[in-house]
Engineer: 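This structure is in structure tokens; I'll ask about it shortly.
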Amino acid sequence: MTDEADGRLERLNEMLKRRGFLLPAFGIYGGAKGLYDFGPVGGRLRSRVNQAWLDHWLQLGNIVELSCPTVTPYEVLEASGHVGEFSDFMTTCKACGEASRADTLLEPHHPNPDALKRDELQTLLLSLNPECPACNASDWSDVVAQNLMFNTTIGSGSSGRAGFIRPETAQGMFTSFPSIYRHFRERLPFGAVQVGKGYRNEIAPRQGMIRLREFNMAELEYFIDPEAPVQVDLSPWQDQNITFISQDTPEFTSTIAKAHEDGIIHHPTVAQFLGMTYDFLANMGIMTSKIRFRQHEKDEMAHYAQDCWDIEILGSYGWIECVGVAHRGCYDLESHHKATGKSLHARREYAEPRMTTIDAWTINGATVGPTFKALAGAVKVAVEELPKDTEFPTQVTLSTGDVVTVEPQHVKPNQMVIKETGEWFIPHVIEPAFGIDRIIWHMIDHAYHESDKDGDVYTTMKLQQSVVPVDYAVFPLFEKDGMDELAMELHRSFCTTPGVVSMYDGSGSIGRRYARADEIGVPKCITIDHQSLEDRTVTVRNRDSGEQTRVSIDSLLQ
RNA sequence: GCGGAUAUGGUGAAGUGGUAUCAUAGGAGGUUUCCAACCUUUUGUCGUGGGUUCAACUCCCGCUAUCCGCACCA
């Protein structure tokens, strides 16, 4: 990689630490693997990206924002599949102490050990007793689940309840479905967004911000009726050429609208969300030529997904997955429904009520009950399946296997018309999930600009104006004669304007101050000089062009 | 997790069995200072725990962290 060859990545990382964008967390204790601080500059950048993300998706008009706990009961993540899917089953060689994955050890002896449960792995391990790859002994400890989620106990002592710190924000939104459904007056489609932290106890966090143990994520869960016709306007994305990698085709170029027409992107809403993701990334200053869409292979898909796309961004670490758009089907709501018995259904009204006419037999409870006792329920089911022309007495075989004789006094005609106006179903979910840290990394990576200045490297952070950590830097040319007071007055005025961040800097030569401001991407530097004291005009210097214009202070504050 | 390398002011580096040097950055002051100028002055460092030693930043071991491969993971 050329980045590494010329040291750009190294210089970038140094600058991020020095200027307070990103730094290893708890540094005075030696740091902690996979944990990062957004520093004095990065903190503001992060919150602006989060806000921009929320604003972007709230535009859909049928989205609510949620904030769910990070501490999550065990059962929730068991139902979601995370307890099973996020675990590796480990066993230790009693001879040499080497830990191995049980499924890996059994691979030569079983077609698909990855799919086995813990008990099955344990049994197989005992019976097959494979050799330790390290020392060739065959003496294994019990199989234990090593989970990628952080364990915790909710409550203390014996009354404590097992839990995890969430590995994603999604589950809280699924378990909140009834409340969201009510909020939207029971009309699909609608969605919930959440920006928050997720936690995964990664075995080997690497590559700076790319794989973290605590990370910022932003997810939208969009609930749809799988049978309702979808009207999506993909025309905004009919011109941008994008690189695709799909299941069957190697890399090719197309547009989102075309890829949907061609059946590569299956669901129109998935296509729409891919388009909106593309727009968001572009708004954040990600170079669109460094974005590509990759469809998951079928065997690569996570346990919940039906169709899944990665949006990858090219940066100093190569192509990195930064966003996933997954069609999760009904997997999540159905899992939680099964685990709790609570209704997570939505109702679909028929265009016309459906009438079902029943003209057959049913039981006479007053006689069937005393006669058949415990079998009465099964008798009812059997009798109602009999054709209308059945003559009694007759013999029927029950679902229990018993054969009973049904007498005329046990039955009566059953004639009724059932009117159904609609049906209940489990909504499907389409989920765009954003790794905010990875996106911020690439925003920084793409914005980081080096130029040559008298043989030295000059750094400019060309971040998008909408997300810059500092909007204005205010410099008095000299900190005397009242220039410092006027500068401070302007700085304070900026700071009292909602949403505006200003930085006062009176230290060092003016050129040095410009350089410091450029390095953290301040778009406008304002200098107060002698003339400012006369006529309240100041110099505004543009970050990217270096151009200076003279304007009045009052026009800046409007 | 395995293998290899590394850990010295905020940042980047040099160096030694007798408590350390340089650049840069930061603070104060000066300079009519508009693109990292200059002058004076000042602040601040041997990741962590243990061992060997009269003495350890230096040698040895553990831990933690970082980087590079592999593995894992999305």
Side-chain angles (χ1 to χ4, degrees), chain A residues 1 4 7 9-11 13-20 23-35 39-40 85-88 90 92 97-101 103-104 133-134 146 148 167-168 198 200-208 210-213 215 217 294 296 300-303 305 308-312 317 319-324 326 433 435 438 451 453-460 475-481 483 505-519 525-533 538-543 545-550:
Chain A
M1 218 152 292
E4 285 168 22
L9 178 56
E10 215 168 295
R11 288 192 298 277
N13 274 320
E14 280 156 23
M15 188 280 285
L16 294 176
K17 273 193 271 188
R18 184 160 33 84
R19 289 297 178 207
L23 31 168
F26 312 115
I28 63 169
Y29 283 91
K33 214 172 185 178
L35 301 175
E85 289 292 328
F86 269 55
S87 291
D88 289 332
M90 305 299 293
T92 310
E98 176 88 2
S100 295
R101 284 180 54 173
D103 56 344
T104 310
Q146 183 177 308
L148 284 174
E168 58 173 29
R200 293 181 192 180
N201 205 354
E202 297 284 356
I203 294 167
R206 280 289 173 84
Q207 297 176 306
I210 302 300
R211 198 187 310 169
L212 299 170
R213 289 201 166 117
F215 48 94
M217 57 197 319
R294 198 171 71 83
H296 277 211
E300 175 188 27
M301 243 170 312
H303 57 281
C308 194
W309 289 84
D310 283 348
I311 292 81
E312 300 181 328
Y317 294 108
W319 287 100
I320 299 291
E321 175 205 346
C322 295
V323 182
R438 290 181 176 187
S451 52
K453 181 154 191 180
D454 307 326
D456 287 332
V457 176
Y458 190 90
T459 300
T460 310
F475 307 147
L477 192 57
F478 309 100
E479 279 191 306
K480 60 180 184 183
D481 301 338
M483 284 179 268
D505 191 353
S507 148
S509 75
I510 199 74
R512 170 174 306 231
R513 285 179 258 170
Y514 285 146
R516 284 194 288 234
D518 284 341
E519 207 164 33
C525 294
I526 295 161
T527 302
I528 281 79
D529 57 15
H530 292 93
Q531 191 186 333
S532 311
L533 301 173
V538 294
T539 315
V540 178
R541 178 246 192 202
N542 181 287
R543 177 190 71 195
S545 65
E547 280 171 17
Q548 298 192 2
T549 50
R550 192 148 196 112

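Throughout, a chain's letter reflects where its sequence line sits, starting with A, and its residues are numbered from 1. Note that these values count all heavy atoms, side chains included, but never hydrogens, waters or copies made by symmetry.
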Engineer: Which letter, B, S or -, goes with each nucleotide of nucleotides 25-38 of chain B from 5' to 3', with contact meaning a protein heavy atom under 4.0 Å?
Structural biologist: SSS---SSBBBBB-
Engineer: Please report the distance separating the P of B:U58 from the corresponding atom of B:U52, rounded so that it comes out in whole Å.
Structural biologist: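 That atom pair is separated by 15 Å.
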Engineer: B:U40 and B:G50: how far apart are their C1' atoms, nearest whole angstrom?
Structural biologist: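 Between the two C1' atoms, the distance is 47 Å.
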Engineer: What integer number of Å spans the C1' atoms of B:A25 and B:U43?
Structural biologist: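 It works out to 12 Å between them.
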Engineer: What do the steps show when you test A:E519 against A:R18 for salt bridge (charged side-chain N to carboxylate O under 4.0 Å, His left out), and what is the final call?
Structural biologist: CA-CA 10 Å; A:E519 207 164 33; A:R18 184 160 33 84; 3.5 Å; yes
Engineer: For A:F26 and B:U66, what is the distance between atoms CZ and C1' respectively, to the nearest whole Å?
Structural biologist: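 Roughly 17 Å, once rounded to whole Å.
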Engineer: If you find the nucleotide of RNA chain B closest to A:R200 and the one closest to A:G30, which residue's nucleotide is nearer the 5' end?
Structural biologist: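 Nearer the 5' end of the strand: A:G30.
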Engineer: Given the P atoms of B:G1 and B:C63, what is the spacing between them in whole Å?
Structural biologist: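 Their P atoms lie roughly 10 Å apart.
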Engineer: Considering non-hydrogen atoms only, spot the tightest contact between A:F475 and A:A517 and give its length.
Structural biologist: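 Closest pair (atom of A:F475, atom of A:A517, distance): CZ-CB, 4.2 Å.
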Engineer: Could you tell me how far apart A:R11 (CZ) and B:G12 (P) are, to the nearest whole angstrom?
Structural biologist: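 My rounded result for the distance is 13 Å.
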Engineer: Distance check needed: B:U45 C1' versus A:I28 CD1, whole Å only.
Structural biologist: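 Answer to the nearest Å: 15 Å.
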Engineer: Given the P atoms of B:U45 and B:U21, what is the spacing between them in whole Å?
Structural biologist: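 Result for the P pair: 13 Å, nearest Å.
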Engineer: Output the rounded distance in Å from CG (A:L148) to P (B:A71).
Structural biologist: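 Rounded to whole Å, this separation is 18 Å.
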Engineer: Dot-bracket for RNA chain B, please, read 5' to 3', with Watson-Crick or G-U wobble pairs under 3.5 Å on both distances, ( ) within the strand, [ ] crossing, | other strand, . unpaired.
Structural biologist: (((((((..((((....[..)))).(((((.......)))))....(((((..]....))))))))))))....
Engineer: Would you measure the distance from the C1' atom in B:A56 across to the matching atom in B:C39 and give it in whole Å?
Structural biologist: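 It works out to 41 Å between them.
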Engineer: List in chain and number order the residues that pass side chain to side chain contact (heavy atoms under 4.5 Å, CB included) with A:S451, two or more places apart in sequence or in another chain; answer none if no residue qualifies.
Structural biologist: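 Partners of A:S451 by the side chain to side chain contact (heavy atoms under 4.5 Å, CB included) criterion, ordered by chain and then number, come out as A:Y458.
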Engineer: Consider salt bridge (charged side-chain N to carboxylate O under 4.0 Å, His left out). Of A:R543, A:R513, A:R541, which one does A:D518 pass it with?
Structural biologist: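 Answer after filtering A:R543, A:R513, A:R541: A:R541.
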Engineer: Search all heavy atoms of A:I526 against all heavy atoms of A:V538 and return the closest pair with its distance.
Structural biologist: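 Here A:I526 and A:V538 meet closest at CG2-CG2, 3.6 Å.
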Engineer: Say you draw a straight line from CG of A:D505 to CZ of A:R516; how long is it, rounded to the nearest 0.5 Å?
Structural biologist: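 CZ of A:R516 is found 4.0 Å from CG of A:D505.
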Engineer: Side chain of A:R211 only, heavy atoms from C-beta on: which candidate in B:U66, B:C72, B:A74 is closest?
Structural biologist: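 Shortest atom-to-atom distance from the side chain points to B:C72.
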Engineer: C1' atom, B:C60 versus B:G17: distance in rounded Å?
Structural biologist: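 Per the computed distance, 14 Å lies between those C1' atoms.
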Engineer: Which is more 5' along RNA chain B, the nucleotide nearest A:Y29 or the one nearest A:K17? Just name the residue.
Structural biologist: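 On the 5' side of the pair lies A:K17.
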Engineer: When you measure from the side chain of A:R213 to the backbone N and O of A:K33, does any donor-acceptor pair fall under 3.5 Å?
Structural biologist: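 It does hold such a pair.
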Engineer: To the nearest Å, how far apart are A:D456 CG and B:U24 P?
Structural biologist: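 Going from A:D456 (CG) to B:U24 (P), I get 11 Å.
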Engineer: A:E14 has an atom CD; how far is it from atom P of B:U66, in whole Å?
Structural biologist: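 Taking atom P of B:U66 as the reference, CD of A:E14 is at 17 Å.
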Engineer: Between B:G9 and B:C57, how far apart are the two C1' atoms, rounded to whole Å?
Structural biologist: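 Going atom to atom, C1' in each nucleotide, I get 14 Å.
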Engineer: In whole angstrom, what separates A:R213's CZ from B:U64's C1'?
Structural biologist: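 For the pair A:R213 CZ and B:U64 C1', the rounded distance is 12 Å.
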Engineer: About how many Å separate CG of A:D529 and CD1 of A:I510, when rounded to the nearest 0.5 Å?
Structural biologist: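 Rounded to the nearest 0.5 Å, the CD1-CG separation comes out at 9.0 Å.
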Engineer: Quick one: pull up CE in A:M483 and CG in A:D481 and give me the separation to the nearest 0.5 Å.
Structural biologist: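 It is 4.5 Å, given to the nearest 0.5 Å.
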Engineer: Write down the distance between CG (A:L212) and P (B:C73), rounded to a whole number of angstrom.
Structural biologist: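 Whole-Å distance recorded here is 18 Å.
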Engineer: Would you check if the side chain of A:R200 reaches a backbone N or O of A:P167 as a donor-acceptor pair within less than 3.5 Å?
Structural biologist: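 Flag set: sc A:R200 to bb A:P167 pair under 3.5 Å.
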